[in-house]
Amino acid sequence: MGSNSNTIDFLKKDLPVEQGSLVLSQDVKTGLVLVDVVNGFCTVGAGNLAPVQPNKQISDMVEESARLARLFCDKNWPVFAFLDTHHPDIPEPPYPPHCINGTDEAKLVPELKWLENEPNATLRCKDCIDGFLGSIDKDGSNMFVDWVKNNQIKAILVVGICTDICVLDFVCSTLSARNRRFLTPLEDVIVYSRACATYDLPVHVAKSIDGALAHPQDLMHHIGLYMAKGRGARVVSEVSFADDI
């Protein structure tokens, strides 16, 4: 525990991620993007990639994501939610089977299940890590791109799980698409660190699982934020609304 903590302190010193605060207002059209806040990644014991015991980083992420989703919908601001969903016969190496279509694993956590009947929310089932790619349909259209353009969104606030995997891949692809002017009028991609989380697989546990890679939670969460910022995302640790100040 002490060694892991020292490593994280070292990283935060040598690879700092300066995090600002964000005040949301009507002046900048902002959409909320929820990445994979589903049972299979968030609910204890729900599946192969779910936490095996209560996890504070994940539960805090769920609570903050649900709070923001409710506030956005109350204000009639656009919300887009990715749901990791896989066909039982199509694996996603290197991961074990997870979030199989039709199971509770692939459904939103109880705190967000109300979004299924929320007219202000757009839900997209995706069968790959990167939600941007997972939004592409067979006709070449992209549901996420259409959501940005139809709502004339200038900034997206990204939350969810995992910070260094699905969140990061989506952020990187979105930034590349923005830079190529595929997402006009989108300007800012903002990652809210307190509403992101990743999983924990300590090295001593990983050694007992064939082919597994160690994945210390706090360390990889920090690296995910660092990589996102390095690609051009804004990273914030506080989010408030102008009319609440």
Side-chain angles (χ1 to χ4, degrees), residues 1-23 33-37 40-42 44 48-65 67-68 84 92-96 98 129-132 155-176 178-179 188-240:
M1 183 69 179
S3 175
N4 188 38
S5 177
N6 291 338
T7 301
I8 295 166
D9 290 342
F10 171 81
L11 264 182
K12 288 183 176 179
K13 180 181 177 181
D14 279 35
L15 300 175
V17 179
E18 292 187 16
Q19 302 185 39
S21 58
L22 176 67
V23 179
V33 178
L34 300 133
V35 179
D36 293 344
V37 191
F41 296 146
C42 304
V44 174
N48 287 325
L49 297 184
V52 296
Q53 60 189 19
N55 182 284
K56 186 177 188 308
Q57 189 184 95
I58 293 175
S59 59
D60 286 352
M61 175 275 295
V62 169
E63 180 181 347
E64 192 65 5
S65 296
R67 182 185 76 86
L68 282 175
D84 203 59
E92 186 183 43
Y95 303 104
H98 62 279
I129 293 171
D130 185 339
F132 189 92
I156 57 169
L157 181 61
V158 185
V159 302
I161 192 167
C162 291
T163 318
D164 55 314
I165 305 174
C166 294
V167 171
L168 178 62
D169 281 18
F170 166 73
V171 164
C172 290
S173 291
T174 298
L175 287 165
S176 292
R178 178 205 65 182
N179 293 345
D188 287 330
V189 177
I190 306 160
V191 178
Y192 179 23
S193 61
R194 285 179 48 224
C196 288
T198 192
Y199 69 94
D200 192 32
L201 186 63
V203 63
H204 70 275
V205 177
K207 285 180 178 178
S208 67
I209 303 172
D210 187 38
L213 291 175
H215 193 276
Q217 185 179 49
D218 290 343
L219 186 64
M220 298 310 295
H221 177 68
H222 180 80
I223 289 174
L225 297 174
Y226 181 85
M227 296 298 290
K229 186 158 188 173
R231 295 295 191 273
R234 289 175 59 192
V235 178
V236 300
S237 58
E238 295 180 4
V239 175
S240 59

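Small disclaimer: the values here were computed from a predicted structure and weren't measured. Heads up: numbering here begins at 1 and tracks the sequence.
- Summarising the geometry of Ala195 relative to Ser65, their closest heavy-atom pair is O-OG, 3.6 Å, with the distance given to 0.1 Å.
- Side chains of Asp164 and His222: a donor-acceptor N/O pair is absent below 3.5 angstrom, by distance only.
- Side-chain contact of Asp84 with His98: a donor-acceptor pair under 3.5 Å is present, judged by distance alone.
- Between Ile8 and Lys12, some side-chain heavy-atom pair lies under the 4.5 Å cut-off.
- A 4.5 Å side-chain heavy-atom check between Tyr226 and Leu11 finds every atom pair outside the cut-off.
- Ser21 is not listed as a side-chain neighbour of Val236, based on a closest heavy-atom distance of 4.5 Å or more.
- In plain terms, the two heavy atoms of Asn55 and Pro51 that are nearest each other are CB-CB, 4.5 Å.
- A donor-acceptor pair is defined here as one N or O able to donate and one able to accept, closer than 3.5 Å; no such pair exists between the side chain of His221 and the backbone of Thr163.
- Annotation: the span from Ser193 atom OG to Glu64 atom CD amounts to 10.0 Å, rounded to 0.5 Å.
- Here the CD1-CZ distance, from Ile129 to Phe170, works out to 15.0 Å after rounding to the nearest 0.5 Å.
- Side chains of Val37 and Met61 form a contact here, defined as non-hydrogen atoms less than 4.5 Å apart.
- Atom CG of Leu213 is separated from atom NZ of Lys207 by 13.0 Å, given to the nearest 0.5 angstrom.
- Note that the CG atom of Leu68 and the CG atom of Leu34 stand 8.0 Å from one another [nearest 0.5 Å].
- Taking CG from Asp60 and SG from Cys196, the interatomic distance works out to 12.5 Å, rounded to the nearest 0.5 Å.
- Checking Gln217 against Thr198 by side-chain atom types alone, no donor-acceptor pair falls below 3.5 Å.
- Between Arg178 and Gly232, the shortest heavy-atom distance links the atoms NH1-O, 4.4 Å.
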Determine whether Val159 and Arg194 satisfy the following criterion, side-chain contact (heavy atoms from CB on, under 4.5 Å), listing intermediate values before the conclusion. CA-CA 8 Å; Val159 302; Arg194 285 179 48 224; over 6 Å; no

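- Proximity of Phe132 to Asp169: side-chain heavy atoms (C-beta onward) are nowhere separated by under 4.5 Å.
- Checking Val171, Val235, Val191 one by one against Lys229, the side-chain contact (heavy atoms from CB on, under 4.5 Å) holds for a single residue, Val235.
- Using a 4.5 Å heavy-atom cutoff, the side chains of Gln19 and Leu225 are in contact.
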Passes side-chain contact (heavy atoms from CB on, under 4.5 Å), Tyr95 versus Leu49? Steps please. CA-CA 8 Å; Tyr95 303 104; Leu49 297 184; 4.2 Å; yes

Given Val44 and Val52, is the side-chain contact (heavy atoms from CB on, under 4.5 Å) satisfied, shown in steps? CA-CA 5 Å; Val44 174; Val52 296; 6.0 Å; no

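- The shortest side-chain heavy-atom distance between Ile161 and Val167 does not fall under the 4.5 Å cut-off.
- Counting only heavy atoms from C-beta outward, the side chains of Val158 and Ile190 never approach each other to under 4.5 Å.
- Between atom CZ of residue Phe41 and atom CG of residue Asn48 there is a gap of 10.5 Å, rounded to the nearest 0.5 Å.
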